[in-house]
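Residue indices begin at 1 and follow the sequence shown. Atoms considered below: every heavy atom in the structure, side chains included; atoms not considered: hydrogens, waters and symmetry mates.
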Amino acid sequence: QQPRTGQRGLRLRVAEAADALDYRLNPQARSLISGRTARVALLVPDIANPYFSGVIRGTQMQLRGRGYGHLLVDLGNTPAVEIASSGFGGRLGPDGSACVGRKSRRRQPARADRVINRRVEGVPSVVVETRPAIVEALEYLASLGHRTIAFAAG
């Protein structure tokens, strides 16, 4: 066996020692140097609302597929909580955030880099186009012969 010298030999010895000690990289320690946490916050108006479960799951799957963790922030349907949440980031806060809809009337959502289901000027958005879906549903019900149709919101 050849002696392990030089840069390559040093790396090999370090890797062997790390394996022997069952050493694993610490993402929090790495974030101190890089300033990135590989986490994205999702701000949701009401986590108990069943509508948001699909949004939460879809967001989580997309983030996981890109190597990011998922932080969930329940705004409790309270505009004041949304506004207060705008400063929770900081140096080691999430690398980004997305706000699903919002209750406050502020033009800019709480610290959101993206907005889901609400159009905000200057902020990239993903919006569910409900109008065409409602028209399609009404046309379908009418084609079945229904003439009296009610809608219960909330």
Side-chain angles (χ1 to χ4, degrees), residues 7-8 10-141 149-154:
Q7 192 71 17
R8 184 172 164 85
L10 177 61
R11 284 186 186 172
L12 183 59
R13 288 194 311 270
V14 169
E16 287 173 351
D19 283 344
L21 295 170
D22 197 27
Y23 174 80
R24 299 291 172 250
L25 291 175
N26 183 322
Q28 287 83 15
R30 180 173 275 185
S31 69
L32 290 172
I33 295 170
S34 69
R36 299 185 57 82
T37 60
R39 302 282 182 265
V40 173
L42 179 64
L43 290 79
V44 179
D46 181 10
I47 195 171
N49 184 331
Y51 169 78
F52 297 115
S53 63
V55 174
I56 293 166
R57 178 169 285 147
T59 304
Q60 185 177 30
M61 288 171 44
Q62 290 297 316
L63 289 170
R64 188 178 297 144
R66 289 168 172 77
Y68 281 84
H70 185 254
L71 303 172
L72 184 59
V73 179
D74 182 10
L75 299 175
N77 267 330
T78 308
V81 174
E82 178 184 334
I83 292 166
S85 297
S86 64
F88 76 95
R91 186 182 182 306
L92 291 179
D95 293 338
S97 61
C99 184
V100 183
R102 68 188 202 286
K103 289 289 183 184
S104 77
R105 299 279 183 234
R106 298 169 66 215
R107 298 181 109 204
Q108 180 72 15
R111 197 189 176 284
D113 301 306
R114 303 283 187 268
V115 179
I116 301 171
N117 209 26
R118 185 87 64 202
R119 293 190 196 284
V120 177
E121 189 174 327
V123 180
S125 303
V126 176
V127 179
V128 177
E129 296 290 348
T130 54
R131 187 172 302 221
I134 291 170
V135 169
E136 186 176 331
L138 290 172
E139 288 173 348
Y140 175 72
L141 291 171
I149 302 168
F151 173 74

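- Going from atom NE2 of His70 over to atom OG1 of Thr59 covers 5.0 Å, rounded to the nearest 0.5 Å.
- Residue Val44 forms a side-chain contact (heavy atoms from CB on, under 4.5 Å) with just one option from Leu75, Asn49, Val55, Leu72, and that option is Leu72.
- Put simply, CD1 on Ile47 and CZ on Phe52 are 10.5 Å apart, with the number rounded to the nearest 0.5 Å.
- The only member of Arg64, Gln60, Arg66 that meets side-chain contact (heavy atoms from CB on, under 4.5 Å) when paired with Gln62 is Arg66.
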